[in-house]
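These notes concern the structure reproduced below.
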2 protein chains.
Amino acid sequence: MATIRELARRAEVSVATVSRVFNNPDLVTRRTREHVLRVADELGYQPNESARTLATGRSRMVGLVWDTGHRGPGWRHPFLQEILIGLKTALSDHGHHLLMLAAEPGAGGYARAAKRHDLDGIVFIDAGAPDPALADLAASGLPCVALDRPVTGPRATYVTSDNVGGARAAVAHLHARGRRRIATIAGPRRTWPGADRLAGYRLELSALGLPYREELVAEGDFYLDSGHAAMRRLLAPDERPDAVFAAGDQMAIGALRALAEAGLRVPEDVALVGFDDIELAALVPPGLTTVAQDKTAFGTAAARALIAMLPPSPATPHPPAILPTRLVIRGTT
Amino acid sequence: MATIRELARRAEVSVATVSRVFNNPDLVTRRTREHVLRVADELGYQPNESARTLATGRSRMVGLVWDTGHRGPGWRHPFLQEILIGLKTALSDHGHHLLMLAAEPGAGGYARAAKRHDLDGIVFIDAGAPDPALADLAASGLPCVALDRPVTGPRATYVTSDNVGGARAAVAHLHARGRRRIATIAGPRRTWPGADRLAGYRLELSALGLPYREELVAEGDFYLDSGHAAMRRLLAPDERPDAVFAAGDQMAIGALRALAEAGLRVPEDVALVGFDDIELAALVPPGLTTVAQDKTAFGTAAARALIAMLPPSPATPHPPAILPTRLVIRGTT
DNA sequence: CCATATTCTGTAACCGCTTTCATGAAACCG
DNA sequence: CGGTTTCATGAAAGCGGTTACAGAATATGG
């Protein structure tokens, strides 16, 4: 591999000049600059990133913390792929790479990895049990963006959907369809989306003048089976609900099965709204009405926020991005 | 951040000794080693990876080339997530990180990124148009693993499913169900899975003594809509097929819709087998019979192969991993 | 035309770690 | 017990860049 010294020798300039050609082009005469670039091209010169990072302390890499282990090998984010596409695209445009951290999860594993690699920033995509290590990291001043979980720090912020608003829209929609006994299958309350969607449900109920009833709330874990179980629980009491708002599409689809097993028709007997708009939602008959999230926007918004907080920007937390949701009406309502 | 010099000073040893403690522990007395480790712990010392990479030429990072752009923002690998989980897990265990390359696609973009970062190896997950840059990279001696596409080089190999065998099993199964006019919705022939599944289809037909008929072959692009269109084409002739082998589940589901639209019953009028066993397959009624691939095995096999080819292993291409497939019988047959 | 300000370029220190080579200490041995 | 080996450690030279500082070249102005 051609080094900067070799290139300098061949171009008959100093290494400093070569370095400037690449990093501060306008500090160099057009003539020399073009000459150096030409020779660089001939040599196939590529500046070495490690050397650069070592010298500058900035790696042009962003860490991605993605907790695969949380639910064993089966754990899947509903739209990790779209998020990655959004993230990668936006970061690439800014000349940053994405490093998937292979650190021991929990504790300070990610923090250590961030230091070792001189990461410029870090993005958290995970289920979101509150983690003191995340708080420390964010407090340390490293630019941090978390998805669907809160985080604060001099250069920290988060991206999330308008979970409250989306949930309210779902409930309002069911109400508009004439339903009055509206149940919910909530997500885990320790997660943000779980808590906020439940809050939205309550809020809209009271806005509509409907009572909030404990027996109309079942909690799941966002996965299909839990939706199935929750639906069965909701059907147990004498007076069954005539509508259900499930806080996630997977749970909604589980609920759909439970309803079919119980011999109930959807939407005639029970109307159903989900949340997320995963690919499946459109395909599972009769088509799941759901609150759609803007999936790639998650990634791009995260990338944008992160980039905005990168030095030399002042250490000001970027305002959180709350992405709008959109109600997609299909066959279940 | 504590540096190695600081640590050396505090532990009252030389930097060389500290370095050895971390890289060649047995070159150091147990006494000194433990002492250094203790002080390192107190200081929260973390060796800097860039400096390490610069000094050794090895980055402990593996590049991941994942072509997001191929089909516009909507392009999705049927099970990218599982592959990533497998890859990440296996590589982590070996102390390697995964770098998602933000390089201009095509040409030598990835090759350049690999050099700049001193990548230890590289993994290709993409749609797989033949790419001279990949060939060059592989030829250069950089450990390379490609998924579902061929690649050769001193340290190159690939991982793929037993596409031929899987396709044969699908066709044999349809035959066993009494079907004789078996059509196929093939994938793009320029892709490996597309070509091999078609080959398997032909092979099994002839093994069964059935004729291969051009009019029973329609080509799609692995996506849902193309399956729909292909199915309509297959239904056009007077004598319609009584079974269809679709080379991908998405296409199979598209075909399922076309069949429903045509008023045909599945499996009574037309039996259907897919390939992949995506999540949807189990959920779309009446349940799609399909050839399942071992999804996380893709990732782990790729990681294992890569690790096996990493220096100081001899520059011998690892034998390709051909993962077994498994026929999952559901409602469509 | 000279003094001064402004560009442009070069020298060299440094970023944090690895590793070769040399050295001194300890172990081995006839 | 002196001479070899072996073993543990240290000094210092890189690895390939960036950048502060200084010097040379050019432009500016009186």
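Only a predicted model underlies this, so the values are computations on that prediction, with no experimental measurement involved. Order of the sequence lines sets the chain letters (A, B, ...), proteins ahead of strands, with each chain counted from 1.
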Taking the side chain of [X] as its heavy atoms from C-beta onward, which of [options] lies nearest to it?
| X | options | result |
| --- | --- | --- |
| A:Val13 | C:dG10, D:dT9, C:dC17 | C:dG10 |
| B:Ala16 | D:dG17, D:dA11, C:dT18 | D:dA11 |
| A:Leu54 | D:dT18, C:dC15, C:dT18 | C:dC15 |
| B:Thr3 | D:dT9, D:dG17, C:dC17 | C:dC17 |
| A:Thr56 | D:dT9, C:dC15, D:dT19 | D:dT19 |
| B:Arg20 | C:dT18, D:dG16, C:dT20 | C:dT20 |
| B:Asn23 | D:dG17, D:dT9, C:dT18 | C:dT18 |
| A:Val15 | C:dT9, D:dG16, C:dA12 | C:dA12 |
| A:Thr17 | C:dC17, D:dT19, C:dG10 | C:dG10 |

Residue whose nearest DNA chain D nucleotide is more 5′ - B:Ser14 or A:Pro47: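 Looking at DNA chain D, the more 5' nearest nucleotide goes with B:Ser14.
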Taking atom [atom2] of [N] as reference, at what distance in whole Å does atom [atom1] of [X] sit?
| X | N | atom1 | atom2 | value |
| --- | --- | --- | --- | --- |
| A:Glu49 | C:dC15 | CD | C1' | 15 Å |
| A:His35 | C:dT9 | NE2 | C1' | 15 Å |
| B:His117 | D:dG16 | NE2 | P | 16 Å |
| B:Arg116 | D:dC15 | CZ | C1' | 17 Å |
| B:Asn24 | C:dT18 | CG | P | 9 Å |
| B:Asp118 | D:dG16 | CG | P | 9 Å |
| A:Arg52 | D:dC15 | CZ | C1' | 16 Å |
| B:Arg33 | D:dC7 | CZ | C1' | 14 Å |

Close side-chain approach of A:Leu306 to A:His318, heavy-atom, < 4.5 Å: no
Do you see a donor-acceptor pair shorter than 3.5 Å between the side chains of [X] and [Y]?
| X | Y | value |
| --- | --- | --- |
| B:Thr17 | B:Ser14 | yes |
| A:Thr53 | A:Asp118 | no |
| A:Ser161 | A:Gln293 | yes |

Assign [X] to base, sugar-phosphate, or nothing according to its heavy-atom contacts below 4.0 angstrom with the strands shown.
| X | result |
| --- | --- |
| A:Thr32 | sugar-phosphate |
| B:Val18 | nothing |
| A:Tyr45 | sugar-phosphate |
| A:Gln46 | sugar-phosphate |

N/O donor-acceptor pair under 3.5 Å between B:Thr29 side chain and B:Arg31 backbone: no
Angle of first-five versus last-five pair axes in the helix from C:dC1-D:dG30 to C:dG30-D:dC1, to 10 degrees: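 Answer rounded to 10°: the end axes differ by 40°.
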Between A:Trp66 and A:Phe124, ring centroids under 6.0 Å: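 Ring-ring flag for A:Trp66/A:Phe124: false, centres at least 6.0 Å apart.
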A:Arg38 and A:Glu42 ion-paired at < 4.0 Å: no
N/O donor-acceptor pair, side chain A:Arg5 with base D:dG17, under 3.5 angstrom: yes
A:Phe22 and A:Tyr45 aromatic ring geometry - parallel, tilted or perpendicular at 30°/60° bounds: tilted
